[in-house]
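No hydrogens, no waters, no symmetry mates; every other heavy atom, side chains included, goes into these values.
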Amino acid sequence: MSTHASDPLAALGSLPGVAEAVDSVRKAVDRVYGHRVMRRRSNEISSEAALRGARGSAALSGADWALEEVRRRTDFSADAEARTVGAALRLGAEAGQLLSIWRQSPLRVLARLHLVAAGDAGLPAGAGVGDSVGRPRLDGETVDEPLIDLPLPTPSEVAGRLDGLAELIVAGSEAPALVTAAVIHGELLALRPFTSYNGLVARAAERIALVGSGLDPKAICPAEVGHAEQGRAAYLAAFEGYLSGTPEGMGAWIAHCGRSVELGVRESTAVCEALQRGAA
């Protein structure tokens with residue numbers, strides 16, 4: 001049995017509102033997994049969840065496109081908004097491929113996520129923007145993050161906190177999956193370790209944590225949908241709670257992430273119902 005000293009995430013489960021959020025999320029996830037459409041068409045639900053999750057994550061990063069536009073578009077290089085949507089879609093497709101190494105090497109996964117988001121995986125070393133891709137930022141490098149306008153931790157602080165986060169992930173925790181995923185999400189937003197696409201990477205990491213934990217093994221509960229539906233103002237207010245480090249603030253952030261999962265469940269439930277009616 002781990003103690004709170006060796007498993008600091010476990011203590012977060014007793015924060016105000018967290019137990020209720022965990023229970024509500026578990027019940028919602030169980031309901032959608034029990035839908036009759038999931039028995040035979042779960043792959044379609046997973047694909048649709050990835051698409052809708054990508055749209056939601058991009059919206060939070062300033063590219064609020066209609067779902068059908070995201071579905072229709074094939075070229076995502078025209079402008080900054082298009083590149084953001086393209087990055088979110090690539091992350092949604094890549095996340096499932098990284099589950100097997102997440103618990104062994106989370107920092108490697110985060111680097112890969114940034115490479116995928118930036119779309120520069122094929123650039124040779126020394127090729128301009130590719131130099132800053134797939135690694136934590138260095139002293140003097142700026143960060144392009146349209147949603148979060150707060151002082152940046154120094155690169156040395158980023159390195160130390162990333163190592164600490166990785167140790168927590170590798171060690172595992174008795175904390176509920178929602179708690180662990182919310183902390184990963186919040187910590188990456190707080191650190192903004194890369195020069196770009198930090199919000200997209202943080203939300204992709206949250207998804208990997210939720211799927212890898214077994215809470216949402218088929219990736220049909222896109223929290224990104226819920227984060228977007230609750231709006232940027234609510235997202236930032238909840239994130240400020242995380243940054244505060246107070247029990248109330250941390251509890252509010254975890255509960256916000258829980259509500260986002262529930263809204264993602266609602267979205268996938270609607271997809272199940274549409275498929276059952278033959279409307280999708």
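Of the possible polar contacts, one joining the Glu145 side chain to the Gly199 backbone as a donor-acceptor pair under 3.5 Å is found. Using a distance-only test at 3.5 Å, with no hydrogens or angles considered, no donor-acceptor pair links the side chain of Trp102 to the main chain of Gly212. With hydrogens and angles ignored, the 3.5 Å screen pairs a side-chain donor or acceptor of Ser46 with a backbone N or O of Ser42. Panel note: side chain Ser105, backbone Ile101; no donor-acceptor pair is recorded below 3.5 Å. No donor-acceptor distance shorter than 3.5 angstrom exists from the side chain of Ser61 to the backbone of Ala58, with no hydrogens or angles considered.
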Exercise for the section: Quick one: do Ser260 and Gln230 satisfy side chain to side chain donor-acceptor pair (under 3.5 Å)? Show the steps, please. Expected result: CA-CA 8 Å; Ser260 296; Gln230 293 185 85; 2.8 Å; yes
Exercise for the section: Walk me through it: do Val133 and Thr195 pass the test side chain to side chain contact (heavy atoms under 4.5 Å, CB included)? Expected result: CA-CA 8 Å; Val133 171; Thr195 57; 5.9 Å; no
Problem - Verdict with reasoning, Val183 to Trp253, per side chain to side chain contact (heavy atoms under 4.5 Å, CB included) - result: CA-CA 9 Å; Val183 168; Trp253 169 250; over 6 Å; no
Practice task
Start with the C-alpha distance between His256 and His227, add both sets of side-chain angles, then the distance that settles side chain to side chain contact (heavy atoms under 4.5 Å, CB included), and finish with yes or no.
Solution key: CA-CA 8 Å; His256 180 88; His227 288 305; 3.7 Å; yes
Practice task
Check the pair Leu113 / Val109 against side chain to side chain contact (heavy atoms under 4.5 Å, CB included), numbers first and verdict last.
Solution key: CA-CA 6 Å; Leu113 289 174; Val109 169; 4.1 Å; yes
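Across all non-hydrogen atoms, the minimal contact from Tyr33 to Lys218 is OH-N, 2.9 Å. In terms of heavy-atom proximity, Pro16 sits nearest to Pro247 at CD-O, 3.8 Å. For the pair Leu162 and Leu107, the tightest heavy-atom approach, listed with the atom from each and the gap, is O-CD2, 3.8 Å. Residues Ala50 and Gly92 come closest through the heavy atom pair CB-O, 4.5 Å. The heavy-atom pair separating Leu115 from Gly134 by the smallest distance is CG-CA, 4.0 Å. Looking at every heavy atom in both residues, Ala87 comes nearest to Ala117 through CB-O, 3.2 Å.
Checked for salt-bridge contact, Arg192 and Glu187 miss the test: no charged N lies under 4.0 Å from a carboxylate O. Ionic pairing of Glu69 and Arg73 is present here: one or more N-O contacts between side-chain nitrogen and carboxylate oxygen are shorter than 4.0 angstrom. Salt bridge absent: Arg203 and Glu206 never bring a charged side-chain N and a carboxylate O closer than 4.0 Å. Arg90 has no carboxylate O lying under 4.0 Å from a charged side-chain N of Glu94, or vice versa, which leaves the two without a salt bridge. By the 4.0 Å N-to-carboxylate-O rule, Glu224 lies too far from Arg55 to be salt-bridged with it. Residues Arg26 and Glu262 are not paired through a salt bridge, judged by the lack of any N-O separation under 4.0 Å between the basic side chain and the carboxylate. A salt bridge links Asp23 and Lys27; the closest N-O separation between the charged side-chain nitrogens and carboxylate oxygens is under 4.0 Å.
Between atom CG of residue Leu168 and atom CG of residue Asp7 there is a gap of 8.0 Å, rounded to the nearest 0.5 Å. With rounding to the nearest 0.5 angstrom, the CG atom of Leu200 is 12.0 Å from the CG atom of Leu188. Summarising the geometry, atom CG belonging to Leu89 is positioned 10.0 Å from atom OG belonging to Ser57; distances are rounded to the nearest 0.5 Å. To the nearest 0.5 Å, atom SG of residue Cys221 and atom CD1 of residue Ile45 are 11.0 Å apart. Rounding to the nearest 0.5 angstrom, the gap separating the CD atom in Gln104 from the CD1 atom in Ile169 is 11.5 Å. Once rounded to the nearest 0.5 Å, the distance linking CG of Asp64 with CD of Glu81 reads 8.5 Å.
Considering only heavy atoms from C-beta on, Val265 stays 4.5 Å or farther from Arg31 through its side chain. Side-chain contact between Arg83 and Phe76 is absent, with no heavy-atom pair separated by less than 4.5 Å. Side chains of Ile208 and Val211 form no contact here, defined as non-hydrogen atoms less than 4.5 Å apart. Side-chain atoms of Leu189 and Asn198, non-hydrogen and from C-beta on, never get closer than 4.5 Å to each other. Between Pro136 and Pro155, the closest side-chain pair of non-hydrogen atoms is not below 4.5 Å.
The 12-atom threshold is exceeded at CG of Asp30, counting heavy atoms of other residues, nucleotides or ligands nearer than 6.0 Å. The environment of CZ in Arg36 is sparse: at most 12 heavy-atom neighbours from other residues, nucleotides or ligands sit within 6.0 Å. Within 6.0 Å of atom CZ in Arg108, 12 or fewer heavy atoms from other residues, nucleotides or ligands are found, so the atom counts as exposed in its surroundings.
Using a 4.5 Å cut-off between side-chain heavy atoms of Ile, Leu, Val, Met, Phe, Trp and Tyr, with links allowed through other members, Val158 and Ile184 fall into the same hydrophobic cluster. Following chains of ILVMFWY side-chain contacts shorter than 4.5 Å, one cannot reach Leu152 starting from Tyr197, and the two form parts of different hydrophobic clusters. Linking Ile, Leu, Val, Met, Phe, Trp and Tyr residues whenever their side-chain heavy atoms come within less than 4.5 Å leaves Val271 and Val70 in two separate clusters. Val225 and Leu178 are members of different hydrophobic clusters when ILVMFWY side chains are connected at heavy-atom separations under 4.5 Å. Hydrophobic clustering, with ILVMFWY side chains joined whenever heavy atoms are under 4.5 angstrom apart, groups Met38 together with Leu210.
Ser196 and Asp144 share no side-chain donor-acceptor pair at under 3.5 Å. There is no side-chain donor-acceptor pair under 3.5 Å between Ser132 and Glu141.
A ring-centre distance under 6.0 Å is not found for Phe239 and His185.
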